2 protein chains.
Amino acid sequence: MSRPRASNPTRKAGEHLTMADLAELAGVSAITVSRALRDSPLVNPETRQRIKELAERQGYQFNVSARNLRLRRSMTVAVVVEMKPTVERQMSGPYPLDLLGGISQELTSAGYSVLLTSLQGGALPSVQAADGVILLGQGAHEDAMHQVRRWGRPMVVWGAVSRHESQIVVGSDNQRGGKLAAERFLALGRRRPVFLGDDAHGEFAERLLGFRQALGAHGIEPLTPSVANFTVSAGAQAVHALLDQHPQFDALFAASDLLAIGAIRALIERGRRVPEDVSVIGYDDTPLGATYLPPLTSIHQNFVDAGVLLARKVLALIEGEPAASEILPTHLVARVT
Amino acid sequence: MSRPRASNPTRKAGEHLTMADLAELAGVSAITVSRALRDSPLVNPETRQRIKELAERQGYQFNVSARNLRLRRSMTVAVVVEMKPTVERQMSGPYPLDLLGGISQELTSAGYSVLLTSLQGGALPSVQAADGVILLGQGAHEDAMHQVRRWGRPMVVWGAVSRHESQIVVGSDNQRGGKLAAERFLALGRRRPVFLGDDAHGEFAERLLGFRQALGAHGIEPLTPSVANFTVSAGAQAVHALLDQHPQFDALFAASDLLAIGAIRALIERGRRVPEDVSVIGYDDTPLGATYLPPLTSIHQNFVDAGVLLARKVLALIEGEPAASEILPTHLVARVT
DNA sequence: TTGAAAGCGCTAACAA
DNA sequence: TTGTTAGCGCTTTCAA
């Protein structure tokens, strides 16, 4: 039984309208409607205009599923965030939002939509069906990466570039970040530096590497106490422990602003002055650090740019074009500490 | 021409396998495969098991578009974030991530996927085709809400509940947040309070309302200087200006932790002690505030819970069930300020 | 408990 | 420049 649609040109909101219906209303075929709505040059400009206006007037809603089925693509990119539901997230701070902003901006303007997902409880079919995947935060363990790779989709990872020659990774220049921190300490005449961070984490390991190399050229070897976590309290704890055993340090480079702030707190509690007795540098240049008292010197990375880059690379992979890992620049923002 | 697939039971990764193929391999019909994979009770348990194992072994990938086309739903919820690409975001702080976490968690376990999007440059068809929409941050202007409403999809908004009787809104109890702040000031014996925030913003207006009412019961009327923005520097600026004109206040309630921190900075720069001379309360209970020196007293809201609730309500609407606006509790976290 | 038929709405390929 | 045909892969009738 055919619907009485075409006989009723003014349709109510919520009515369901297809290209075939529009075709009938316009006195053309469905494929012409399809072409017109996609701005195909194959269709007469006037016809095209007429059809587009008709569609607009009739409140036509394009059916994405039908197109995707036909084209065998989902026009979708899954963004996998390592986001624990607990308070202490793996991805500390607000930066994932900037990353997401950049990604979303770029993918949207390319006509792709962003499927946000974590890896909790196995991925949905719709996620696995994405045309490409962006993995945010490989974390300390790289299970996430292996799991996602199994989906067999084009994939780009945000993280430590050096670790994965086989993967396309976008990351910022962590090694240079470490070097910049070292150079500042050297310029300030500091000779007993500490690195605070967990080098099981690829990005942190790179920061330590750059730090250590730059110091090594001056015959200096930093202390590297272990830290349990990436939180303020973990930073404070680690520094308290450190002060008990090696009270002699005069500079501290933390792998995140959170850790740095914890460290400063512990230092002050133990009567050390910042920056007079101990110079401190953080990482990520978060508002948290920038507004802290004393304002925290930190290594800046541009997450929005990073997001855009990640998006461009998945898109390239999806289109079958080549893409390579890329390292974004970092710079040091000098503040009071 | 039929594909030679069924004659080759071990298939390579990347090969394309349909239910019909599985059916042939299993010696059943496609519909039986469909039922088996959906755990339909209509299919013999043994057959079901056999088919599921076969699918697993063959690396079968379910085609979401086909199902969606057939079912006329997208199994997708669009989350619209008012997220400017600029540094100063509308949604301040890291909280949207928690909200997203809660939303994602709940929708995913219901089999829906999360389409993340901003409103930049008009929405994609796939976004408009979502089965439901969650709007995060109605902002000061409510254009976003009106625009999204035009899509004609079930919609739930995160924001100020009182403003929109016609919409389903989830928000936290901003009015009570304001009341709690007022009560703390009263208990501390403060008599000259200030509210710092822009009441064009619905949520802020509610906070001011609660604050003002509780104070009014004691015959006290707060000062309400205008603030240009939701940033640290805007907070500092506003307080500097305030000190010039009305230097006599002894308590300050800010509509966000960021503003509060800016305020504290300005106070200290002008020789006021916090909390001795001026008691300060922030909003959102961010790590930023909690780790500030002095640690900031703040009103806490649970964003993860809020996200879960938002998700449940769109799901209800999508299923045609009733749903109502809801207000989440807030509480005060007392710290040094 | 299983299957056959039909069709969701769109677009590539080919034809006119 | 426009149209016809066919089919993407799935699931809801309805029938056996």
Side-chain angles (χ1 to χ4, degrees), chain A residues 1-3 5-6 15-52 54-55 58-76 111 124-126 128-129 131, chain B residues 1-3 5-6 15-52 55 58-75 111 124-126 128-129 131:
Chain A
M1 181 173 47
S2 82
R3 295 159 298 173
R5 222 181 264 146
E15 257 281 5
H16 181 69
L17 205 61
T18 72
M19 283 190 181
D21 298 322
L22 287 179
E24 197 171 343
L25 288 170
V28 296
S29 71
I31 186 67
T32 299
V33 174
S34 170
R35 287 178 181 136
L37 295 182
R38 278 178 293 150
D39 287 322
S40 162
L42 284 175
V43 68
N44 183 310
E46 289 160 26
T47 316
R48 186 197 313 172
Q49 191 53 31
R50 190 164 55 89
I51 293 175
K52 292 183 90 165
L54 179 69
Q58 297 287 337
Y60 166 73
Q61 300 241 7
F62 181 79
N63 186 317
V64 183
S65 300
R67 180 200 53 187
N68 291 348
L69 174 58
R70 177 65 234 228
L71 297 181
R72 297 149 151 285
R73 1 181 21 184
S74 64
M75 293 303 282
T76 265
L124 248 41
S126 48
Q128 299 193 33
D131 293 333
Chain B
M1 181 172 48
S2 83
R3 294 157 299 172
R5 222 181 264 146
E15 256 280 6
H16 181 68
L17 204 62
T18 72
M19 284 191 179
D21 297 322
L22 287 179
E24 197 172 343
L25 287 170
V28 296
S29 72
I31 184 64
T32 300
V33 173
S34 170
R35 287 178 182 138
L37 295 182
R38 277 178 294 149
D39 288 323
S40 161
L42 284 175
V43 69
N44 183 309
E46 288 160 27
T47 316
R48 185 198 312 172
Q49 191 53 31
R50 190 162 56 87
I51 293 175
K52 293 184 92 165
Q58 297 285 338
Y60 166 72
Q61 300 240 7
F62 181 80
N63 187 318
V64 184
S65 301
R67 179 201 53 188
N68 290 348
L69 174 57
R70 180 64 239 234
L71 261 36
R72 295 151 154 286
R73 1 182 17 184
S74 65
M75 294 304 281
L124 249 40
S126 48
Q128 299 194 35
D131 293 332

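Within every chain, numbering begins at 1; the chains are lettered A, B, ... in the order of the sequence lines, protein sequences first and strands thereafter. The model shown is predicted, which means the values in this text are computed figures rather than measured ones. Scope of the values below: all heavy atoms of this structure, side chains included, with no hydrogens, waters or symmetry mates.
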Five-pair end axes of the helix from C:dT1-D:dA16 to C:dA16-D:dT1 and the angle they enclose, rounded to 10°: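 Inter-axis angle at the termini of the helix from C:dT1-D:dA16 to C:dA16-D:dT1: 30°.
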Is the phosphate of [N] approached by [X] (side-chain N or O, under 4.0 Å from OP1 or OP2)?
X: B:Thr47; N: C:dT2; answer: yes
X: B:Ser29; N: C:dG3; answer: yes
X: A:Thr32; N: D:dT2; answer: no
X: A:Arg72; N: C:dT11; answer: no

Flag side-chain contact, heavy atom, 4.5 Å: B:Asp21 against B:Gln58: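 With C-beta onward as the side chain, the pair stays apart.
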With a 4.5 Å heavy-atom cut-off, do B:Lys52 and B:Asp39 have their side chains touching?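 B:Lys52 vs B:Asp39: side chains touch.
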Grab the NE2-P distance between A:His16 and C:dG7 for me, whole Å please.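 It works out to 15 Å between those atoms.
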Interatomic distance where CG belongs to B:Asn68 and C1' belongs to C:dG7 [whole Å]: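 Those two atoms, CG and C1', are 16 Å apart.
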Letter by letter from the 5' end, nucleotides 11-16 of chain D scores (B base, S sugar-phosphate only, - none; protein heavy atoms under 4.0 Å) BBB---
With distance as the sole test, does B:Arg50 use its side chain to make a donor-acceptor pair with the main-chain N or O of B:Ala26 at under 3.5 Å?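 Such a contact is found between B:Arg50 side chain and B:Ala26 backbone.
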Reported OG-to-CZ distance for the pair B:Ser65 and A:Arg67, which is rounded to 0.5 angstrom: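 Going from OG on B:Ser65 over to CZ on A:Arg67, the span is 9.0 Å.
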